[in-house]
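Reading through the structure tokens given below for one structure.
Every chain is numbered from 1 and lettered A, B, ... according to where its sequence line falls, protein lines coming before strand lines.
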Number of protein chains: 2
Amino acid sequence: MNSESGNFRHRNLPLLLLQAREHVISRFRPILNAHGITEQQWRIVRALLDTGPMEPREIGLLCRISSPSLAGVLSRMEELGLIKRKRLDHDQRRLHVSLTPRSRALSTRMAPQIEATYRDIEALIGAEFSARFYGALDELIGALTSHEPAALANE
Amino acid sequence: MNSESGNFRHRNLPLLLLQAREHVISRFRPILNAHGITEQQWRIVRALLDTGPMEPREIGLLCRISSPSLAGVLSRMEELGLIKRKRLDHDQRRLHVSLTPRSRALSTRMAPQIEATYRDIEALIGAEFSARFYGALDELIGALTSHEPAALANE
DNA sequence: CGATATTCACTAATATATTAGTAATATAGT
DNA sequence: ACTATATTACTAATATATTAGTGAATATCG
């Protein structure tokens with residue numbers, strides 16, 4: 001990066017975060033591919049595993065997937081038998097999304113390789129740095145969330 | 001997050017990085033929209049500004065855009081007059097991508113708002129934390145790069 | 001020199017992202 | 001009840017991402 005062209009004084013933070021994520025996710029991608037599940041689909045499965053059943057709106061906020069994207073992803077996931085959708089009785093607009101035995105079995109099969117990859121990463125960066133880094137990410141998100149309620153694309 | 005369902009012991013690092021990036025980029029998105037340029041197109045313009053002319057392969061590695069995505073993005077950018085493409089004389093496979101007066105003027109118009117947003121963010125998270133965070137990102141990327149050469153999707 | 005392998009940008013097919021907008025339902029205020 | 005507004009999931013159109021694979025050009029090696 002040449003510092004002569006003085007158009008911008010700051011480093012590109014969104015790009016840095018993207019690069020960091022790419023370096024991390026590239027170690028998980030082969031696992032997802034081997035099990036025939038896409039990155040977004042897996043993000044949703046894992047969120048439902050961690051948090052329990054959710055409505056699309058909640059899934060979108062947690063997984064950072066916009067409402068229009070989610071419509072397609074959930075539709076495909078239902079066709080694949082990874083989730084089931086059910087209208088709420090007391091509010092016909094809303095939807096209840098939950099995992100299926102199939103997706104639970106899938107995550108059980110994937111878990112060992114996922115965990116092994118986390119151990120690989122922690123071995124490279126060190127447990128201490130790892131903990132500090134998670135903390136820093138939480139702090140960043142918290143600081144940016146406190147004043148601005150984390151708007152998503154389609155809102 | 002309930003800790004009862006013991007499927008995974010680690011927090012979802014790719015998701016955390018995605019959430020962090022989304023919180024950051026959501027503050028820049030209005031600027032990009034107001035100037036009619038997409039996120040990927042701006043990432044490329046800014047990279048060419050910082051680094052100078054590059055070939056698609058280099059752009060892809062730096063901006064983390066896969067070769068097939070890049071083909072379409074660069075094609076649209078050329079139509080919009082944001083870049084120009086030229087075959088290299090000594091290697092007819094390769095391509096030379098550079099900015100145009102139009103995109104340089106665009107970045108000059110956008111620069112004040114971009115810089116102001118960086119100041120906003122730094123005011124929220126603090127200059128000291130900001131510097132440490134950049135350092136941590138560099139360290140993470142460095143650690144993950146040293147043993148694995150940062151493979152992209154289409155390689 | 002020639003056969004092989006590699007590199008590069010690209011296409012094709014499908015999945016997802018983004019922006020704008022919609023119909024159906026629910027809620028708040030009158 | 002009733003009107004205005006808000007919320008929820010959705011569609012449409014376009015841009016980008018992902019995976020696999022291709023042809024042309026170049027480099028490598030026998």
[X] side chain, from C-beta outward: closest of [options]:
X: A:Val73; options: C:dA9, C:dT16, D:dT18; answer: C:dT16
X: B:Glu39; options: C:dT18, C:dA9, D:dC10; answer: C:dT18
X: B:Arg76; options: D:dC10, D:dA15, C:dT18; answer: D:dA15
X: B:Ser67; options: C:dA9, D:dA9, C:dT18; answer: C:dA9
X: B:Arg29; options: C:dT11, D:dA17, C:dT18; answer: C:dT18

Rounded distance in Å - [atom1] ([X]) to [atom2] ([N]):
X: A:Ile37; N: C:dA15; atom1: CD1; atom2: P; result: 13 Å
X: B:Lys86; N: C:dC8; atom1: NZ; atom2: C1'; result: 18 Å
X: A:Ile65; N: D:dT16; atom1: CD1; atom2: C1'; result: 15 Å
X: A:Ile31; N: D:dT19; atom1: CD1; atom2: P; result: 13 Å
X: A:Leu32; N: C:dT16; atom1: CG; atom2: P; result: 12 Å
X: B:Arg64; N: D:dT18; atom1: CZ; atom2: C1'; result: 14 Å
X: B:Asp89; N: D:dA25; atom1: CG; atom2: C1'; result: 14 Å
X: B:Trp42; N: D:dA15; atom1: CH2; atom2: C1'; result: 19 Å

B:Lys86, NZ atom: more than 12 neighbouring heavy atoms under 6.0 Å: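 Not buried by this count: 12 neighbours or fewer within 6.0 Å.
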
Are more than 12 heavy atoms from other residues, nucleotides or ligands located less than 6.0 Å from atom CZ of B:Arg102?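 12 or below, so no.
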
Could you check whether A:Arg46 makes a cation-pi contact with B:Phe8, meaning its NZ or CZ is under 6.0 Å from the centre of the six-membered ring and within 45° of the ring axis?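 Yes; both conditions hold, so A:Arg46 lies above the ring face of B:Phe8.
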
Between A:Phe129 and A:Tyr134 (judged by ring centroids, cut-off 6.0 Å), do the two rings come close enough to count as a pair?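 For A:Phe129 and A:Tyr134, the ring centres are not under 6.0 Å apart.
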
Can you tell me how far the CZ atom of A:Arg132 sits from the OG atom of A:Ser130, to the nearest 0.5 Å?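 Going from the CZ atom of A:Arg132 to the OG atom of A:Ser130 covers 10.0 Å.
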
Could you state the interatomic distance from CG (B:Asp50) to CZ (A:Arg11), rounded to the nearest 0.5 Å?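 The CG atom of B:Asp50 sits 10.5 Å away from the CZ atom of A:Arg11.
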
Which angle, rounded to 10°, do you find between the first-five-pair axis and the last-five-pair axis of the helix from C:dC1-D:dG30 to C:dT30-D:dA1?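 That helix has its two terminal axes inclined by roughly 30°.
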
Do A:Asp89 and A:Arg94 meet the salt-bridge criterion of a basic N to acidic O distance under 4.0 Å?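 Salt bridge absent between A:Arg94 and A:Asp89.
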
Are B:Glu39 and B:Arg29 ion-paired here, with the side-chain N under 4.0 Å from a carboxylate O?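 B:Arg29 and B:Glu39: salt-bridged.
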
In residues 93-103 of chain A, which ones come under 4.0 Å of DNA chain D, going by heavy atoms?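 Hits under 4.0 Å, by residue number: A:Arg93, A:Arg94, A:Leu95.
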
Give a yes/no answer on whether the side chain of [X] brings an N or O atom under 4.0 Å of OP1 or OP2 in [N].
X: B:Ser66; N: D:dT16; value: no
X: B:Gln40; N: C:dT18; value: no
X: B:Gln92; N: C:dA9; value: no
X: A:Ser69; N: C:dA17; value: yes

Stepwise side chain to side chain donor-acceptor pair (under 3.5 Å) check, B:His10 with A:Glu115: CA-CA 7 Å; B:His10 293 87; A:Glu115 291 296 334; 2.7 Å; yes

5'-most contact on DNA chain C: B:Arg57 or A:Asp91, nearest heavy atom basis?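 Looking at the nearest nucleotide for each, B:Arg57 comes out on the 5' side.
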
Option among B:Leu137, B:Leu62, B:Leu61, B:Leu140 that satisfies the side chain to side chain contact (heavy atoms under 4.5 Å, CB included) test with A:Gln19: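 Going through the options one by one, the only one that passes is B:Leu62.
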
